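What follows is one structure encoded as structure tokens, with my remarks underneath.
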Amino acid sequence: MKAKKVASLSLLTALALVAFMVENLFPPILIPGARLGISNVVVMLTLIYFGLGEALVVVAAKCLLSCMFGGFLQLAYNLPSGVVAVGCMFLLMKLENNLSILSISAASAVLHNLVQNLVFCFMTQSVAVLYYAPYLTLLGMISGLFTGFATYLIIKYVAPKIIKIQINNDKEKI
Amino acid sequence: MSANVLAKKPFKKGDIVVYCLILLTVALLMIPALHKQEYSGFDVFVDNKLVFSYNYNDGTYTAYGDRVSRVSDCVFNIDAIGGYNRITVDRASKKVYVSDTDCGVSKECVKMGKSSVIVCVPHKLVIKETNNHDTIKVG
């Protein structure tokens, strides 16, 4: 069971990393640094199916590996915001009876963007960078809704089938 | 945190609160952004040291140290740390932007366009628009 979990988590990390890298190849939407955050779908799925610790591991691994390709500065931008976003998702998922995955995703994407903006503000020692904050908040909401909807479709239609296949496989082995 | 609960509906009542809170944040953050005014000039910093300042009103500028050289009428080359940034001044609209740099593929500073603050992290370059150029003498 443990080996299986390690394998699953590494697959998820690889998926998040690939999504992140491919996304980086595209020019930013409207303002510098703005992205859709497709790797967030993977992180959310990890959080839902594995738990907080595992999701944090995937985020940390993704950030460390992406900094190998994109330089050390990437780590300073992505790690704090990634961790905060996962924390936000985790807390909001406690209210899952009243909140949909779309709004959880949107809220965490907004928080992710704002933390990244604060880090940028700190690194450049300039408050004026905060002028980007409202646009980043709005873009975070839009991209969060998008990734949240993608996650919704996956947990509704794709993941149950995968789990069913897995259970069948396990039964055959026994 | 079960997938079953989250997979049920793409919209729940509590969502309205979250969306309203986000839009409220946008509105609150907009307030200072709307106060953005026109600046009279800009300063260029390399590694936190002032190397260049420019006045839009009369087109005068001051270079500190030997990092800045004039390429043409409104184009300046800044020899930053580990590479160069070429800035272009648009006096008509009182704006400045980075027109070229050799910092690699991303070139975030070029993409930033005519922003009131332009940052090039790899070259430790910061361009800030300011209003305290009225007293600076011709350089």
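Order of the sequence lines fixes the chain letters, A, B, ..., with proteins taken first and strands second; residue numbering starts at 1 for each chain. Here the structure is a predicted model, which means the values were calculated and not measured.
Contacts between B:Val26 and chain A at a heavy-atom distance below 4.5 Å involve backbone atoms as well as side-chain atoms. Contacts of A:Leu95 with chain B are absent, with no heavy-atom separation under 4.5 Å from either backbone or side chain. Proximity to chain A is limited to the backbone of B:Lys8, based on heavy atoms less than 4.5 angstrom apart. Using a 4.5 Å cut-off between heavy atoms, A:Asn24 makes no contact with chain B at all. Contact annotation for A:Leu114: only side-chain heavy atoms (C-beta onward) come within less than 4.5 Å of a heavy atom of chain B. Within the 4.5 angstrom heavy-atom criterion, only side-chain atoms of A:Leu145, from C-beta onward, approach chain B. Residue A:Tyr77 touches chain B through its side chain alone, counting heavy-atom pairs closer than 4.5 Å.
In this structure, B:Tyr61 has its ring center closer than 6.0 angstrom to the ring center of B:Phe76.
Inspection of the A:Tyr157 and A:Lys161 side chains reveals no N or O donor paired with an N or O acceptor under 3.5 Å. Between the side chains of B:Ser40 and B:Asn57, not a single donor N or O lies within less than 3.5 Å of an accepting N or O. A side-chain donor from one of B:Asp100 and B:Tyr84 sits under 3.5 Å from a side-chain acceptor of the other.
By the criterion of side-chain heavy atoms lying less than 4.5 angstrom apart, applied directly or through intervening Ile, Leu, Val, Met, Phe, Trp or Tyr residues, B:Leu21 is not grouped with B:Met30; the two fall into different hydrophobic clusters.
Comparing A:Asn98, A:Val110, A:Leu130 by heavy-atom pairs within less than 4.5 Å of chain B, the highest count is held by A:Asn98.
Applying the side chain to side chain donor-acceptor pair (under 3.5 Å) test to residues at least two apart or on different chains, the pairs with a partner in residues 54-65 of chain A are A:Lys5-A:Glu54, A:Ser39-A:Lys62.
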